[in-house]
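By convention in this document, chain letters (A, B, ...) are assigned in the order of the sequence lines, proteins followed by strands, and residues within each chain are numbered from 1. The basis for the numbers below is simple: all heavy atoms, side chains too, and nothing from hydrogens, waters or symmetry mates. Note that the structure is a prediction, hence the values are computed from the model and not measured.
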Amino acid sequence: MFRRGRDLVQALITNRQFFARDACVVARDMIGATLLVHGVGGIVVETEAYHANDPASHSFCGRTSRNSAMFGAPGSAYVYRSYGLHWCLNAVCLPGSAVLVRAIEPQSKLDLMRANRGVDDLRLLCSGPGRLCQALAVDASYDGLPLDELPFQFKLPSGARTSSILTGHRVGISKAVDLEWRFGLAGSSYLSRKF
DNA sequence: CGTTGGATCTTCT
DNA sequence: GAAGATCCAACGG
């Protein structure tokens with residue numbers, strides 16, 4: 001009993017420590033981790049880092065009601081609407097910085113994801129920030145929630161990393177376009193686009 | 001293959 | 001009023 005509780009606290013501390021670092025480092029380290037929402041999800045295969053003093057970041061011009069979750073606790077979710085249609089899910093790192101989760105390899109509750117997306121092809125379920133939010137049914141009501149508590153589950157891969165990480169330019173931005181802050185799992189069939 | 005335009009909301013000018 | 005961390009269907013070559 002005591003042991004269980006102690007391990008739980010330990011896990012929460014390490015989880016918070018994991019996110020309370022440079023967003024680029026966190027973005028790279030998140031590749032291969034398992035992310036679930038209500039048990040739906042899979043393995044993170046593509047991420048992008050956004051810094052507090054990064055012209056491409058929502059937080060660059062300071063705190064607003066939309067981006068306030070970016071200034072919350074490290075390890076919490078920042079969810080925003082993109083192009084008026086899609087939701088995008090981020091993991092908050094140091095204050096004002098975050099990692100955009102761009103693609104997931106579907107693993108858990110595939111049929112639920114298919115139903116949420118209205119698509120059968122596994123490769124089209126979570127390969128893109130808007131797609132994965134639709135597949136995992138993430139919307140504004142998840143903004144600010146901690147990723148290490150239900151309905152979220154976030155687990156780092158156990159053991160040493162076996163596959164290599166791709167690096168590239170971030171997608172769909174017009175500022176700070178030269179930075180290579182996009183990361184992906186080499187060889188994955190579930191990336192949103194080529195590197 | 002590649003390109004284009006429409007859907008539709010939030011923020012800032 | 002314009003632009004945006006997007007997606008998809010409809011084109012054209």
Side-chain angles (χ1 to χ4, degrees), chain A residues 19 22-31 33 35 37 41-42 44-72 74 76-106 113-145 147 165-185 188-195:
Chain A
F19 287 105
D22 184 284
C24 292
V25 178
V26 176
R28 179 180 286 269
D29 286 351
M30 280 179 72
I31 301 296
L35 178 63
V37 184
V44 176
V45 295
E46 185 181 335
T47 58
E48 281 179 1
Y50 288 89
H51 266 202
N53 57 348
D54 168 9
S57 171
H58 289 168
S59 61
F60 183 64
C61 297
R63 186 172 183 158
T64 65
S65 58
R66 179 211 205 187
N67 68 17
S68 65
M70 283 188 86
F71 298 86
S76 53
Y78 166 45
V79 181
Y80 69 91
R81 193 187 281 279
S82 171
Y83 291 90
L85 297 184
H86 312 285
W87 298 102
C88 292
L89 172 64
N90 299 252
V92 176
C93 301
L94 293 170
S97 74
V99 172
L100 171 66
V101 184
R102 284 193 56 88
I104 286 177
E105 175 178 338
M113 288 192 255
R114 288 194 170 104
N116 289 340
R117 291 269 301 122
V119 173
D120 277 346
D121 190 344
L122 268 189
R123 295 175 181 225
L124 296 179
L125 286 186
C126 301
S127 56
R131 288 170 173 171
L132 79 86
C133 280
Q134 188 179 26
L136 308 200
V138 169
D139 60 25
S141 64
Y142 295 80
D143 192 36
L145 298 186
L147 294 174
I165 305 292
L166 304 171
T167 304
H169 298 100
R170 294 179 291 182
V171 175
I173 56 172
S174 58
K175 297 166 185 167
V177 293
D178 46 319
L179 297 175
E180 299 206 333
W181 285 359
R182 176 178 176 232
F183 304 95
L185 182 63
S188 173
S189 307
Y190 303 94
L191 302 174
S192 65
R193 62 172 75 180
K194 286 185 175 178
F195 274 73

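- When all heavy atoms of A:Ala176 and A:Pro55 are compared, the closest pair comes out as CB-CD, 4.2 Å.
- A:Val171 and A:Tyr50 get closest at one heavy-atom pair: O-OH, 4.5 Å.
- Summarising the geometry, the separation between CG on A:Asp121 and C1' on C:dA9 is reported as 16 Å, rounded to the nearest angstrom.
- The nearest pair of heavy atoms linking A:Tyr142 to A:Ala77 is O-CB, 3.6 Å.
- Side-chain contact between A:Glu46 and A:Pro129: absent, with no pair of heavy atoms (C-beta onward) separated by less than 4.5 Å.
- For the side-chain contact (heavy atoms from CB on, under 4.5 Å) with A:Leu166, the lone residue among A:Leu185, A:Val45, A:Leu191, A:Ile31 that qualifies is A:Leu191.
- A:Arg131 places its CZ atom 18 Å from the P atom of C:dA5, with the value rounded to the nearest Å.
- The existence of a salt bridge linking A:Glu48 and A:Arg102 is confirmed by a sub-4.0 Å separation between a basic side-chain nitrogen and an acidic carboxylate oxygen.
- The separation between A:Lys175 atom NZ and C:dG4 atom P is 7 Å, rounded to whole Å.
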Between the protein and nucleotides 1-3 of chain C, which nitrogen or oxygen pairs come in under 3.5 angstrom?
none

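- Regarding A:Arg102, its CZ atom lies at a distance of 7 Å from the P atom of C:dC7, rounded to whole Å.
- A distance-only check finds a donor-acceptor pair linking the side chain of A:Arg81 to the backbone of A:Leu85 [under 3.5 Å].
- The shortest heavy-atom contact between A:Asn53 and A:Phe60 is C-CD1, 3.8 Å.
- In DNA chain C, the stems built from three or more successive Watson-Crick or G-U pairs (distances below 3.5 Å) are B:1-7 with C:6-12, B:9-12 with C:1-4.
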Where do N or O atoms of nucleotides 2-5 of chain B meet protein N or O atoms at under 3.5 Å, pair by pair?
none

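- In this structure, the side chains of A:Pro106 and A:Tyr190 come closer than 4.5 Å at one or more pairs of heavy atoms.
- Taking atom CG of A:Asn116 as the reference point, atom C1' of C:dC7 lies 16 Å away to the nearest angstrom.
- For the residue pair A:Arg131 and A:Ser192, no side-chain donor N or O sits within less than 3.5 Å of a side-chain acceptor on the partner.
- Spacing between B:dT8 and C:dA10 at atom P, rounded to whole Å, works out to 16 Å.
- One can place CZ of A:Arg170 at 12 Å from P of C:dT6, the figure rounded to the nearest angstrom.
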Output one line per pair: protein atom, nucleotide atom from nucleotides 7-13 of chain B, and distance, for all N/O pairs under 3.5 Å.
from   : atom 1 : to      : atom 2 : distance (Å)
B:dT8  : O2     : A:Tyr83 : O      : 3.0
B:dC9  : O4'    : A:Gly84 : O      : 3.4
B:dT11 : OP1    : A:Ser65 : OG     : 3.3
B:dT11 : OP1    : A:Arg66 : N      : 3.1

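- Using a 4.5 Å cut-off on side-chain heavy atoms (C-beta onward), A:Thr167 and A:Arg28 make contact.
- In this structure, NE2 of A:His58 is placed 12 Å from C1' of C:dT6, rounded to the nearest angstrom.
- Straight-line distance from the CZ atom of A:Arg182 to the P atom of C:dT6: 11 Å, rounded to whole Å.
- Taking a 4.0 Å limit (strictly below) on heavy-atom distances, residues 44-55 of chain A reaches DNA chain C at A:Tyr50.
- Put simply, A:Arg117 has a side-chain N or O that comes within less than 4.0 Å of OP1 or OP2 on C:dC8.
- With A:Asn90 contributing its side chain and A:Val92 its backbone, the two residues share no donor-acceptor pair below 3.5 Å.
- Residues A:Ala52 and A:Pro95 share a closest heavy-atom pair of CB-O, 3.7 Å.
- Counting only residues at least two apart or in different chains, side-chain hydrogen bond (donor to acceptor under 3.5 Å, both in side chains) contacts with residues 58-68 of chain A comprise A:Ser57-A:Ser59, A:His58-A:Tyr78, A:Thr64-A:Asn67.
- Between A:Ala23 and A:Val99, the closest heavy-atom pair is O-CG2, 3.5 Å.
- Looking only at distances, a side-chain donor or acceptor of A:Arg170 sits under 3.5 Å from a matching main-chain atom of A:Ala49.
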